[in-house]
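Down below is the structure, laid out as structure tokens.
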Amino acid sequence: MNRRSFLAASTAALGGAWLAGCADPAEEPGMDGADDPAGGAGATLERIGLQLYTVRSLMEDDVAATLATVAEAGYDEVEFAGYFGHTPDAIRAMLDEAGLAAPAAHVPLEALREDLPGVLAAAGAVGHRYVVCPWLSEDDRQTIDQYRAHAAFFNEVGAACADAGVQFAYHNHEFEFVPVGGTIPYDVLLEETDPDLVQMELDLFWITEAGRDPLDYFDRWPGRFPLCHVKDRMQDGAMVDVGQGAIDFAAIFAHRDHAGLRHFIVEHDNPDDPRRFLANSYDHLASLRI
């Protein structure tokens, strides 16, 4: 099952009661140790997160046990992509039992269009700080005018999220960086959205896959990237455990303040062995010096 189908199914199972937020993103932690705009040698990641889409096969069997496994691997926080039929209250109880926070959740565009009040109505039950749109279907990304319409809609969603105490964000793949009529769609989304209302979750695998430089985007749009997906890539394009690929995460994270990065969320779309991936990726990031 691909991400779009997975999220659509999760939305249907949840019945629209997705999430709510109650914390101020400005108060979030990011790094521990030296922390300056140019990066301070010796700093480490204070908190390491996991996108639970990575372990969806485990979540389908037992959500509580999977969250416990994630916590035992060392992770501090998680990002949801569906609640697997559980209520927000039940999810919050499982998180509390595992000792995990859940600062963000991926919510499909369809849910934002069709039931935004429902998306925001799960009154603080889970404690998400970010609502993230994770995907645009092929039909929704044919023209630059469609991207401009998405930007306008994202501003509306962002305003509703802000009223509910939540920050709205958008997660990229590679297609947003492929020019359409000579224009880069991702640039349109950044240019035509209000930075106070719409921020970005930068997927470091997909921007690399597209041949673009994250540091260029940090320079052009400082402070717009509070979350990132830490997903590693071999030179041949293979997705691998974090630390086994060619992406220089230390060099990227050295610019964390300029980018606005606060959440470093590990992900793999289809790991052969989810438990091995969890351990290897966490160990690499925990030992990383910035």
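Note: hydrogens, waters and symmetry copies are ignored here, and every other heavy atom, side chains too, is used. Count residues from 1 along the sequence.
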For Val178, what are the other residues in its hydrophobic cluster, where any two members join if their side-chain heavy atoms are less than 4.5 angstrom apart? none

Connected via hydrophobic side-chain network under 4.5 Å: Val240 and Leu204: no

Just jot down the side chain to side chain contact (heavy atoms under 4.5 Å, CB included) partners of Asp241, sequence neighbours excluded, or say none. Gln244, Arg276, Phe277, Asn280, Ser281

Do Trp135 and His171 have their ring centres less than 6.0 Å from each other? no

What I want to check is whether the side chains of His106 and Glu201 have a donor and an acceptor closer together than 3.5 Å. yes

Residue pairs passing the salt bridge (charged side-chain N to carboxylate O under 4.0 Å, His left out) test with at least one member in residues 147-159, sequence neighbours excluded, are Asp145-Arg148, Arg148-Glu192

By ring pair (Phe, Tyr, Trp, His ring centres under 6.0 Å), Phe153 pairs with (sequence neighbours left out) none

By side chain to side chain contact (heavy atoms under 4.5 Å, CB included), which residues pair with Glu174, not counting sequence neighbours? Trp206, Glu209, Ala210

With a distance cut-off below 6.0 Å to the six-membered ring centre and an angular limit of 45° from the axis, does Arg141 pair with Phe175 as a cation-pi contact? yes

Do Phe154 and Phe168 have ring centres separated by under 6.0 Å? yes

Show me the side-chain donor-acceptor pairs of residues 180-188 shorter than 3.5 Å, one per line, residues at least two apart or across chains.
residue	atom	partner	partner atom	Å
Asp187	OD1	Tyr217	OH	2.7
Asp187	OD2	Arg220	NH2	2.9

Could you tell me the separation between the CD1 atom of Ile207 and the CZ atom of Arg212, rounded to the nearest 0.5 Å? 8.5 Å

Cation-pi check for Tyr53 against Arg56: NZ or CZ below 6.0 Å from the six-membered ring centre and within 45 degrees of the axis, yes or no? yes

